[in-house]
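This report concerns only the one structure given below.
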Amino acid sequence: MHNIFYNLVGVKNHNHNMNLKFLMIALCCLPFGLDAQEAKLRENPYKELSLGAIKPKGWLKEMLIRQKTGSTGSLDKLYPAVMGNRNGWLGGDGDQWERGPYWLDGLLPLAYLLNDKELIAKTKPWIEWAIKSQRPDGYFGPSKDYPYENGIQRDNSQDWWPKMVVLKVLKQYYSATNDQRVIKLMSNYFKYQLKELPAKPLDHWTFWAKYRGGDNLMLVYWLHNVTKEPFLLELGDLIHKQTFDYTNAFANTRLLETKASIHCVNLAQGIKEPIIYYQHHPEQKYLDATKKGFEDLIRYNGMAHGMYGGDEALHGNNPTQGSEFCSAVEMMFSLESMLEITGNVNFADQLEKITFNALPAQASDDFVTHQYFQQANQIMATRKTRNFEVNHHGTDVCYGVLTGYPCCTSNMHQGWPKFTQNLFYATADKGVAALVYSPSEVSMKVANEVPIKVIEETNYPFNENIKFTISIPKKGSATFPFHLRIPAWCKKASIKINGSLFKEETGNQIAKINREWKSGDVLELVLPMHIYKNTWQESSVSIERGPLVYGLKIAEDKQYVKNLTDPQEYGDGYYEIKPGTPWNYGLLNVRNDQLAANFTVEKQEGALSLYPWNLENAPIKIKTKAKRIPLWQVYNEMAGPLPFSTIFQMETEDKVEEITLVPYGCTELRISQFPVIR
């Protein structure tokens with residue numbers, strides 16, 4: 001080591017006296033010289049905008065308003081036992097753990113996206129208590145445990161995991177308000193973590209934090225980009241080492257092909273950890289492992305709606321297995337985080353598939369009730385114990401406030417607000433990026449801090465046209481790049497500027513238009529949508545068009561059931577839904593080059609409904625031919641075992657019928673993975 005110092009500073013004669021100051025400089029610089037990666041984080045291609053810069057419009061704004069008037073805006077009244085004043089995150093003796101923070105993780109971005117004073121006021125006591133709870137040693141949050149009380153989690157107050165959720169909330173609050181107290185709290189808390197984690201690692205209190213450490217790591221790196229404090233990178237490495245090794249698990253083990261190998265929400269949250277860590281250690285292995293992880297997840301557990309079998313442990317790809325609501329919103333957030341870091345088009349495609357299919361189907365139109373588990377093939381939403389890894393007295397697919405388990409009651413709220421927050425990004429080349437699409441507008445700065453406004457007008461994902469109108473009020477013009485994602489499903493996109501064709505691009509890439517933009521310029525993206533199919537379990541097929549999956553339209557008989565059995569645990573009541581029309585159809589075998597001729601797309605005339613996500617308002621329908629399959633019957637109030645699509649001489653009804661398919665997100669009952677009649 002002595003010789004390394006001499007060689008480093010260029011002194012060849014070891015007998016010469018070395019200036020002590022020079023030696024100290026060499027000692028201090030040695031670690032950085034040997035590993036330059038340790039000194040800083042990689043610059044990401046995209047950067048999240050401040051909360052409030054993006055505003056929803058059209059049907060997307062209606063979704064957020066329904067959250068405000070539904071459970072997101074009133075969970076303190078609907079679920080007072082946990083979200084009321086007794087909550088530990090308000091200083092009370094009630095729930096000390098994740099549920100209050102979960103609610104805030106959706107309520108707070110909703111409040112600032114809508115600029116709603118009432119909702120913002122509702123978040124304030126939680127924010128103020130969290131900030132003021134910090135102790136001199138850096139710890140913050142509840143610190144006292146209480147005896148067991150039914151329905152309340154009050155005995156793990158010091159667990160690392162719930163604080164990760166609160167840190168996410170505080171980061172968003174800072175983004176909206178620039179309240180410097182957040183920076184101070186995080187810096188002091190992360191110093192506390194650096195001191196305490198060696199003796200009390202992430203899994204010291206519960207195992208949840210070990211699997212969800214990527215959320216902690218993400219906030220450490222976010223703060224480093226604000227403060228540049230070197231200790232944060234050291235803490236980041238420590239958190240990574242204590243977190244479950246997703247990189248190795250995805251790359252070198254059979255984790256994702258093994259049923260019950262991992263909790264479904266842990267996976268949805270943890271799948272981003274290798275990409276988060278990649279910001280400090282940009283090695284190809286982290287990208288490769290994540291890519292393989294997604295491939296294996298879809299291959300062994302994937303379903304048509306974009307999610308995977310996980311009820312609650314990982315549970316294969318049978319379309320009657322459940323997919324948990326928490327998994328959907330957490331996977332969306334993971335994909336949003338990874339998209340910002342990598343610019344990978346596949347992450348954006350998968351994000352839209354979940355958002356436009358699984359997400360709207362799992363909550364009621366008024367956003368008051370929800371399902372704990374949804375099924376890709378769902379023919380009854382009734383109280384019945386099913387083949388799920390976890391059952392909650394049969395309530396898991398009923399639509400209720402507290403049916404299933406209350407984690408989803410608390411956590412479902414972040415889906416639409418965070419999707420809205422990720423519609424636009426600032427870019428490393430000082431431009432603007434639109435990588436996922438919905439009606440909205442953004443105010444931001446480009447080029448040399450030039451303020452601009454972009455209005456996005458579209459009925460996407462139902463329509464192919466997306467129009468961006470650019471406003472540059474002060475300067476009138478500016479030169480900057482505009483990044484547009486071309487989805488992988490799109491064969492050839494057209495980009496128009498002020499009505500004239502600018503260029504055409506193939507799918508699965510990000511197109512960059514770098515030019516001088518003038519105020520009033522209109523950039524139009526046309527993404528032609530075509531019918532295609534994907535193959536799933538038992539060689540069943542899904543019918544898809546653009547980012548939307550289509551399901552069989554089934555008449556829905558919906559009845560409210562008063563809960564006289566266990567109202568304290570599962571709520572005063574819930575909705576059950578039963579089918580009013582047949583469902584056991586198999587599709588006729590159609591070659592890929594004949595799909596357009598055999599599937600007729602019918603688009604709704606006139607303006608799109610402000611709320612398009614139900615059978616009544618479905619903007620698009622697809623008509624096709626099918627036959628009923630008598631052997632495919634109801635089993636345990638589910639669609640029975642899926643007939644194998646290569647059955648020789650499968651017995652079917654003689655009559656060929658015309659069936660109607662509607663967007664998956666418009667359904668509560670559906671078949672989305674069909675047997676094929678050869």
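Under the 4.5 Å side-chain criterion, counting only non-hydrogen atoms from C-beta, K430 is not in contact with V446. Side-chain contact between I455 and K57 is present, with at least one heavy-atom pair separated by less than 4.5 Å. Contact annotation: the side chain of L523 never approaches that of F502 to less than 4.5 Å [non-hydrogen atoms, C-beta and beyond]. Contact of the L484 side chain with the I466 side chain is not registered, since no non-hydrogen atoms from C-beta on lie closer than 4.5 Å. Here the side chains of F468 and D521 are not in contact, with every heavy-atom distance at 4.5 Å or above. Side-chain atoms of R42 and I341, non-hydrogen and from C-beta on, do get closer than 4.5 Å to each other. Residues F419 and L359 fail the side-chain proximity criterion, which asks for heavy atoms closer than 4.5 Å. Within the 4.5 Å cutoff, the side chain of W613 has no heavy atoms near those of the R66 side chain.
A distance of 8.0 Å separates CG in L595 from CG in D593, rounded to the nearest 0.5 Å.
W517 places a side-chain N or O within 3.5 Å of a backbone atom of F480 that can act as its donor or acceptor partner. Side chain of S175 to main chain of K171: no donor-acceptor pair is present (N/O by atom type, distance under 3.5 Å, no hydrogens or angles). Panel note: side chain T624, backbone F599; no donor-acceptor pair is recorded below 3.5 Å. Proximity of a side-chain donor or acceptor of Q362 to a complementary backbone N or O of S323 within less than 3.5 Å is detected. With hydrogens and angles disregarded, no donor-acceptor distance shorter than 3.5 Å links the side chain of E556 to the backbone of I577. Side-chain N or O atoms of Q414 include none that pairs as donor or acceptor with a backbone N or O of G106 at under 3.5 Å. No donor-acceptor pair under 3.5 Å is formed between the side chain of D557 and the backbone N or O of G580. Counting only distance, with no hydrogens or angles, the side chain of D296 and the backbone of L256 share no donor-acceptor pair below 3.5 Å. Judged by distance alone, with hydrogens and angles left aside, the side-chain atoms of S443 form no donor-acceptor pair with the main-chain N or O of A53 at under 3.5 Å.
Within the structure, salt bridge (Lys or Arg N to Asp or Glu O under 4.0 Å) contacts touching residues 655-678 (residues at least two apart or in different chains) are K558-E668.
E516 and S477 make their closest contact through OE2-OG, 3.2 Å (heavy atoms, listed as atom of the first residue, atom of the second, distance). When all heavy atoms of S440 and I54 are compared, the closest pair comes out as CB-CG2, 4.4 Å. In terms of heavy atoms, G322 sits closest to F373 at CA-CB, 3.9 Å. When all heavy atoms are compared, the tightest approach of G546 to M529 is CA-CG, 4.0 Å. In plain terms, the two heavy atoms of E48 and E340 that are nearest each other are N-OE2, 3.2 Å. In terms of heavy atoms, P487 sits closest to L527 at CD-CD2, 3.7 Å.
Residues E336 and Q421 have side chains that never bring a donor and an acceptor to within less than 3.5 angstrom of each other. Remark: the S645 side chain and the S539 side chain contain no N/O donor-acceptor pair separated by less than 3.5 Å. Side-chain contact annotation: Q279 with N44, donor-acceptor N/O pair under 3.5 Å present. Of the N and O atoms on the side chains of S540 and E538, not one donor lies less than 3.5 Å from an acceptor on the other residue. Checked by atom type, the side-chain pair Q375/T320 shows no donor-acceptor distance below 3.5 Å. A donor-acceptor pair shorter than 3.5 Å cannot be found between the side chains of N301 and Q321.
The side-chain contact (heavy atoms from CB on, under 4.5 Å) test with H483 is passed by exactly one of D429, I513, V432: D429.
Summarising the local packing, NZ of K503 is surrounded by more than 12 heavy atoms from other residues, nucleotides or ligands at distances under 6.0 Å. Environment of CG in N448: sparse, with no more than 12 heavy atoms of neighbouring residues, nucleotides or ligands closer than 6.0 Å. Counting non-hydrogen atoms of neighbouring residues, nucleotides and ligands closer than 6.0 angstrom, the NZ atom of K292 exceeds 12 such neighbours. No more than 12 heavy atoms of other residues, nucleotides or ligands shown are found within 6.0 angstrom of OH on Y575.
Figure legend: cation-pi geometry between K168 and F333, with NZ or CZ positioned under 6.0 Å from the six-membered ring centre and within 45° of its axis.
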Decide yes or no on salt bridge (Lys or Arg N to Asp or Glu O under 4.0 Å) for E505 and K512, but give the supporting numbers first.
CA-CA 11 Å; E505 295 282 11; K512 300 177 185 179; over 6 Å; no
Derivation of the side-chain contact (heavy atoms from CB on, under 4.5 Å) call for N508 and N346:
CA-CA 7 Å; N508 200 31; N346 294 326; 3.4 Å; yes
Could you go through Q604 and N617, starting from their C-alpha distance and side-chain angles, then the distance that decides it, and tell me whether this counts as side-chain hydrogen bond (donor to acceptor under 3.5 Å, both in side chains)?
CA-CA 9 Å; Q604 174 184 300; N617 297 333; over 6 Å; no
List the steps, then state whether salt bridge (Lys or Arg N to Asp or Glu O under 4.0 Å) holds for E602 with K621.
CA-CA 5 Å; E602 297 181 356; K621 299 175 182 177; over 6 Å; no
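Considering only residues two or more places apart in sequence or on other chains, Y437 meets the ring-ring contact (aromatic ring centres under 6.0 Å, His included) condition with Y460.
The aromatic rings of W59 and W416 stand perpendicular to each other, their planes meeting at an angle above 60°, with 30° marking the opposite boundary.
The distance between the ring centers of Y550 and F674 does not fall below 6.0 angstrom.
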